[in-house]
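Not measured: the values here are computed from a predicted model.
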Amino acid sequence: MSIRKAEAKWTGNLKGGKGVMKLESGAYEGNYSFSSRFEEGTGTNPEELIGAALAGCFSMALSNELDKAGYPPSSAHTHADVDFRITDNGPALVEITLNNQSEVSGIDEAEFQKIAEGAKQNCPVSKALKGGPVITLNAKLV
């Protein structure tokens, strides 16, 4: 396996400053600011990128686990809702809700839910977030 790299540069103070985050691969580069992180301003934020990373990791892990169990999926589409708020201990990721819709033939609901929960627990990004926000899964066969 290789080392994955990303970088961020911030200039200025917290409220008036601005920054840019980018991936070494060149696949993504985005601006961020106090407004895009703590309000509804234009740009991205670290929490949104964590949500994308978890949704992507979970979708791949679920597809792999379904395939290994003999149910190759047509698709696994996951949205992540990241609850980032100011708590008594400062800003925190409180919860991430994964909303998944998967197209899978020949599997019953109970088996799908068991495999989905296992994928949630075992994808590398979920493991990296252990001890952090609660990760809730709403998985649905379509």
| Inter-residue atom distance Arg4.CZ - Ser25.OG, 0.5 Å rounding | 9.0 Å
| request: Determine, step by step, whether Thr11 and Lys18 satisfy the side-chain contact (heavy atoms from CB on, under 4.5 Å) criterion, reporting the C-alpha distance in whole Å, the side-chain angles of both residues, the deciding distance to 0.1 Å, and the verdict. | output: CA-CA 6 Å; Thr11 54; Lys18 61 183 178 180; 3.9 Å; yes
Side-chain atoms of residues 39-55: list all donor-acceptor pairs with protein atoms under 3.5 Å, sequence neighbours left out, distances to 0.1 Å.
residue	atom	partner	partner atom	Å
Glu39	OE1	Ser35	OG	3.4
Thr44	OG1	Glu48	OE1	2.5
Asn45	OD1	Glu47	N	3.2
Asn45	OD1	Glu48	N	2.6
Asn45	ND2	Ser36	O	3.1
Glu47	OE1	Arg37	NE	3.1
Glu47	OE2	Arg37	NE	3.1
Glu47	OE2	Arg37	NH2	2.6

| query | Any chain of hydrophobic side-chain contacts (each under 4.5 Å) joining Ile107 to Leu137? | reply | yes
| request: Considering non-hydrogen atoms only, spot the tightest contact between His77 and Ser59 and give its length. | output: C-OG, 4.4 Å
| query | In terms of hydrophobic clusters joined by side-chain contacts under 4.5 Å, are Leu129 and Leu62 together? | reply | yes
| request: Check the pair Asn138, Leu98 against side-chain contact (heavy atoms from CB on, under 4.5 Å), reporting the backbone distance first and the verdict last. | output: CA-CA 6 Å; Asn138 300 314; Leu98 296 175; over 6 Å; no
| said: Tell me the closest heavy-atom pair linking Lys130 and Gln121, and the distance in Å. | reply: NZ-O, 3.6 Å
| Looking at Phe34 and Leu14, what are the two nearest heavy atoms and their distance? | CB-O, 3.3 Å
| field | Donor-acceptor contact present, side-chain Glu103 to main-chain Leu141, <3.5 Å | value | no
| task | Please round to the nearest 0.5 Å and tell me the distance separating atom CD of Glu29 and atom NZ of Lys22. | result | 5.0 Å
| task | Look up atom NZ in Lys68 and atom OG in Ser63, then write down how far apart they are to the nearest 0.5 Å. | result | 12.5 Å
| said: So which atom in Phe58 and which in Ala119 form the shortest heavy-atom distance, rounded to 0.1 Å? | reply: CE1-CB, 3.9 Å
| said: My understanding is that only residues two or more places apart in sequence, or in another chain, count here; which of them pass ring pair (Phe, Tyr, Trp, His ring centres under 6.0 Å) with Tyr71? | reply: none
| task | Determine yes or no for a side-chain-to-main-chain donor-acceptor pair under 3.5 angstrom, with Thr87 supplying the side chain and Asn89 the backbone. | result | yes
| said: Donor-acceptor check, side chain of Asn122 to backbone of Gly118, threshold 3.5 angstrom: yes or no? | reply: yes
| task | Answer yes if Ile86 and Val134 sit in the same cluster of Ile, Leu, Val, Met, Phe, Trp and Tyr residues linked by side chain heavy atoms under 4.5 Å apart, and no otherwise. | result | no
| request: Please test Gln113 against Glu117 for side-chain hydrogen bond (donor to acceptor under 3.5 Å, both in side chains), starting from the C-alpha separation and ending with a verdict. | output: CA-CA 6 Å; Gln113 292 298 328; Glu117 186 60 34; over 6 Å; no
| request: First locate atom CD1 of Ile115, then atom OG of Ser102, and finally report the distance between them rounded to the nearest 0.5 Å. | output: 10.5 Å
| message | Counting neighbours of NZ on Lys9 that are heavy atoms of other residues, nucleotides or ligands and sit closer than 6.0 Å, is the number greater than 12? | response | no
| query | CZ of Arg85 to CD of Glu95: how many Å apart, nearest 0.5 Å? | reply | 8.0 Å
| said: Please check this pair: side chain of Lys120 against backbone of Ile135, looking for a donor-acceptor N/O pair closer than 3.5 Å. | reply: yes
| task | Please report the shortest heavy-atom distance between Val20 and Tyr32, naming the atom on each side. | result | N-CE2, 3.5 Å
| said: Tell me if a side-chain donor or acceptor on Thr78 pairs with a main-chain N or O of Asn100 at a distance below 3.5 Å. | reply: no
| query | Do Asp81 and Asn99 have side-chain atoms, one donor and one acceptor, less than 3.5 Å apart? | reply | yes
| query | What pair of heavy atoms forms the shortest contact from Trp10 to Gly17, and how long is it? | reply | CZ2-C, 3.5 Å
| note | Residue pairs passing the ring-ring contact (aromatic ring centres under 6.0 Å, His included) test with at least one member in residues 80-101, sequence neighbours excluded, are Phe38-Phe84
